[in-house]
Amino acid sequence: MNRYCLALCSSALLLTMPAFADVELSMPSNSELLVVNGNEVSTQDTLKLQNGVNQIAFRYTGRYQNQGSQTQFQSDVIIIKFNEKNAELALTLPRIRSSSAADKFNQSPKVMLVDANDQSIHFEQGKLIKEGLQLGRDYAEEITAYNLTEQSASLQLQPEGFAATQIVTAPIVASITQAPPKPNMPPVEKSEQINVGQMLDFWYQQADEETREAFKKRIESK
């Protein structure tokens, strides 16, 4: 009897648990998906994403009647960033039926992200703008550059090696500019002098303006 009850409870628990363990995102038919988490992709209706922060780039594509003829509309590239887990989400875009509506959308895109209960999901939004000719764009490269900015939909990444350079170089420059010469040093060969000069040039270029001024004053005092 206990085993039977346990089986029933286990079955009920499985039925009440969500059928998804990650994030599913449904894209509307009037959209063209371009980049998902930094990678260029082909158009898909549904995306399988990992839990946590996700970023996609897409554009609105559609047609509307303009003076009796069909006009093709393609918006600027829109970026959204959201942080969800174990969810079924859907992206929705408005219907565009005129050139004025298309222009208005391009200036301020109205995008909605909703869950399975049709509740609005918070997300950050931006645009990936490139001036001039739009053919042959490298969207993965553009999104990488965008993610180094502080814009709201950016991942706000640090350039590789930036923090390490800032932390390491300043103390080394200080030690070069402040350390007193050691007495009774053997003469330095010409090739070694060249290497020292190259090192000093390198660290001087890495230093901030205050450290450079201190370096100049120390040389002038010799």
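In this chain, numbering begins with 1 at the start of the sequence shown.
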Taking all non-hydrogen atoms of both residues, which atom of [X] and which atom of [Y] are closest, and how far apart?
X      : Y      : result
Ile79  : Ala57  : CG1-CB, 4.2 Å
Pro109 : Gln125 : O-NE2, 3.1 Å
Leu155 : Val53  : CD2-CG1, 4.0 Å
Val111 : Phe123 : O-CZ, 3.4 Å
Gly38  : Ala140 : O-CB, 3.6 Å
Phe82  : His122 : CB-O, 3.9 Å

Verify side chain to side chain contact (heavy atoms under 4.5 Å, CB included) between Gln74 and Glu32, making sure each step is shown before the conclusion. CA-CA 9 Å; Gln74 190 176 82; Glu32 179 188 3; 3.9 Å; yes
Do [X] side-chain atoms and [Y] backbone N/O form a donor-acceptor pair below 3.5 Å?
X      : Y      : answer
Ser154 : Asn147 : yes
Asp115 : Asp118 : yes
Asn30  : Thr61  : no
Ser108 : Phe105 : no
Asn106 : Ala102 : no

Residue pair [X] / [Y], side-chain heavy-atom distance below 4.5 Å:
X     : Y      : result
Val23 : Glu88  : no
Asn66 : Tyr64  : yes
Asp76 : Lys127 : yes
Val36 : Leu49  : yes

Do Asn54 and Glu84 have side-chain atoms, one donor and one acceptor, less than 3.5 Å apart? no
Looking only at side chains, do Asn86 and Asn51 share a donor and an acceptor under 3.5 Å apart? yes
Nearest-0.5 Å distance that lies between atom [atom1] in [X] and atom [atom2] in [Y]:
X      : Y      : atom1 : atom2 : value
Leu128 : Glu142 : CG    : CD    : 4.5 Å
Ile80  : Leu91  : CD1   : CG    : 5.0 Å
Leu33  : Phe58  : CG    : CZ    : 8.5 Å
Gln65  : Arg97  : CD    : CZ    : 11.5 Å
Leu93  : Ser75  : CG    : OG    : 8.0 Å
Arg59  : Ile78  : CZ    : CD1   : 10.0 Å

How are the rings of Tyr60 and Phe73 set to each other: parallel, tilted or perpendicular (split at 30° and 60°)? tilted
Checking side chain to side chain contact (heavy atoms under 4.5 Å, CB included) against Tyr139, which of Asn39, Val77, Val41 comes through? Val77
Looking at Gln50, I want to see if its CD is surrounded by more than 12 non-hydrogen atoms of other residues, nucleotides or ligands under 6.0 Å. no
Crowding at CD, Gln156 (>12 non-hydrogen neighbours, <6.0 Å): yes
Does one hydrophobic cluster hold both Leu89 and Val114, with members joined at side-chain heavy-atom distances below 4.5 Å? no
So that I can tick it off, tell me whether Lys81 and Glu124 are bridged by a salt bridge, with the cut-off set at under 4.0 angstrom between side-chain N and carboxylate O. no
